[in-house]
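Chain identifiers are assigned alphabetically (A, B, ...) following the order of the sequence lines, protein sequences preceding nucleic acid strands; residue numbering begins at 1 within each chain.
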2 protein chains.
Amino acid sequence: MKKWSVDEGNCSISYTLSVAGGRWKWLILYKLFKNKVMRYGELKRNLPSITHKMLSQVLSELRNDELIERIDYAQVPPKVEYRLNERGNSLIPILELMAQWGRENRLSEILENGSNDNLV
Amino acid sequence: MKKWSVDEGNCSISYTLSVAGGRWKWLILYKLFKNKVMRYGELKRNLPSITHKMLSQVLSELRNDELIERIDYAQVPPKVEYRLNERGNSLIPILELMAQWGRENRLSEILENGSNDNLV
DNA sequence: CCGTATCCTCAGAGATACTG
DNA sequence: CAGTATCTCTGAGGATACGG
């Protein structure tokens, strides 16, 4: 059985989750959306608790699912950039709503433990 | 380390994912949105590959995160219903976009293997 | 700097049985 | 019917090293 079934519940939302689900994908897509284009190491630094292996694995999956584009400058030392492609860009409305919902619904926690400014 | 960090990347989208992330939550929220109110067994039947334990665990988490409401009719045999509460309803725009994106972007696969009608 | 391969661990998910 | 507890075990994910 495939872990993130494309058809679970005969529901089109399952397909969306099958390409963008999991712990990291939405987050990475959002980072790429906000920064337009990012290098591998830049992404890594922006996601403190992702591991090397995880990041390259997830980037590879996103590429296979045709959501991002990989630009290899074929130089030494290597320089590789990632950006959303057209299909990836079509997810932006979802990303923006998710971010907006997060901002609005964290209010309670912010009131508890103080400063959580400068969130993107 | 908490698995779905609320703050990963200092990004408000992380909070959204911390309450609605994972393999099942968006899907369950979507089912509740479409059907307004569902019994436990009804949900179970609608999600073929979720296990008994998983479903009750996830429902419990959604309840703890104040996204759904549990109505116990306190009768024998038991009858329990679930529905989105107000906070849960505020996720509907996201759910609708996800479903829409899924419908539109599955086209390629549909063209390959034929009939995929009647998807919600 | 970027990416992959290998090994290994442990937490998450399944199976099953039990209770109200 | 709805939910919990226990036990087991698999495989996702971490650490590490190597390679282009």
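At a non-hydrogen distance threshold of 4.0 Å, B:Arg39, B:Tyr40, B:Gly41 from residues 26-41 of chain B come into contact with DNA chain D. Listed in residue order, the members of residues 69-78 of chain A having a heavy atom less than 4.0 Å from DNA chain C are A:Arg70, A:Pro77, A:Pro78.
Remark: A:Lys44 engages A:Ile50, A:His52, A:Leu55 in a side chain to side chain contact (heavy atoms under 4.5 Å, CB included) (not counting sequence neighbours). Applying the side chain to side chain contact (heavy atoms under 4.5 Å, CB included) criterion to B:Lys34, with sequence neighbours excluded, gives B:Tyr30, B:Val120.
Taken from SG in B:Cys11 to CG in A:Leu27, the straight-line distance is 5.0 Å, to the nearest 0.5 Å. Here B:Ile68 contributes atom CD1 and B:Leu59 contributes atom CG; the two are 5.0 Å apart, rounded to the nearest 0.5 Å. Of the inter-residue distances, the one linking B:Leu43 atom CG with B:Ser56 atom OG reads 11.5 Å to the nearest 0.5 angstrom. Atoms CG and CG, from B:Leu91 and B:Leu32 in turn, are 11.5 Å apart once rounded to the nearest 0.5 Å. Rounded to the nearest 0.5 angstrom, A:Ser14 OG and A:Glu8 CD are separated by 6.5 Å.
Within the structure, salt bridge (Lys or Arg N to Asp or Glu O under 4.0 Å) pairs that include any residue of residues 53-77 of chain A comprise A:Lys25-A:Glu61, A:Arg70-A:Asp72 (at least two apart or interchain).
Under a hydrophobic clustering in which Ile, Leu, Val, Met, Phe, Trp and Tyr are joined whenever their side-chain heavy atoms come within less than 4.5 Å, directly or via other members, A:Ile92 and B:Ile13 fall into the same cluster. One hydrophobic cluster, built from ILVMFWY side chains closer than 4.5 Å, holds both A:Trp101 and B:Trp4.
Among the heavy atoms of the strands lying under 4.0 Å from B:Thr51 are primed sugar atoms or P, OP1, OP2 only; no base atom is included.
For the pair B:Arg63 CZ and D:dA2 C1', the interatomic distance rounds to 12 Å; values are reported in whole Å. The CD-C1' distance, from A:Glu61 to C:dT4, rounds to 14 Å in whole Å. Rounded to whole angstrom, the span from the NZ atom of A:Lys53 across to the P atom of D:dT16 amounts to 14 Å. Whole-Å rounding puts the B:Gln57 CD to C:dG14 P distance at 10 Å. When rounded to the nearest whole Å, the span between CG of B:Leu43 and P of D:dG3 equals 10 Å. A:Leu55 has its CG atom 11 Å from the P atom of D:dG14, to the nearest Å. Rounded to whole Å, the distance from NZ on B:Lys44 to P on D:dT4 is 16 Å. Atom pair B:Glu8:CD and D:dG13:P shows a separation of 14 Å (rounding to whole Å applied).
Comparing C:dT6, D:dT6, C:dG3 against the side chain of A:Ser56 picks out C:dG3 as the nearest. With C:dT4, D:dA5, C:dC2 as the candidates, the nucleotide lying closest to the side chain of A:His52 is C:dT4.
Using modelled atom types, no side-chain atom of B:Ser12 and backbone atom of A:Gly102 make a donor-acceptor pair closer than 3.5 Å.
Rounded to 10°, the angle separating the first-five-pair axis and the last-five-pair axis of the helix from C:dC1-D:dG20 to C:dG20-D:dC1 equals 50°.
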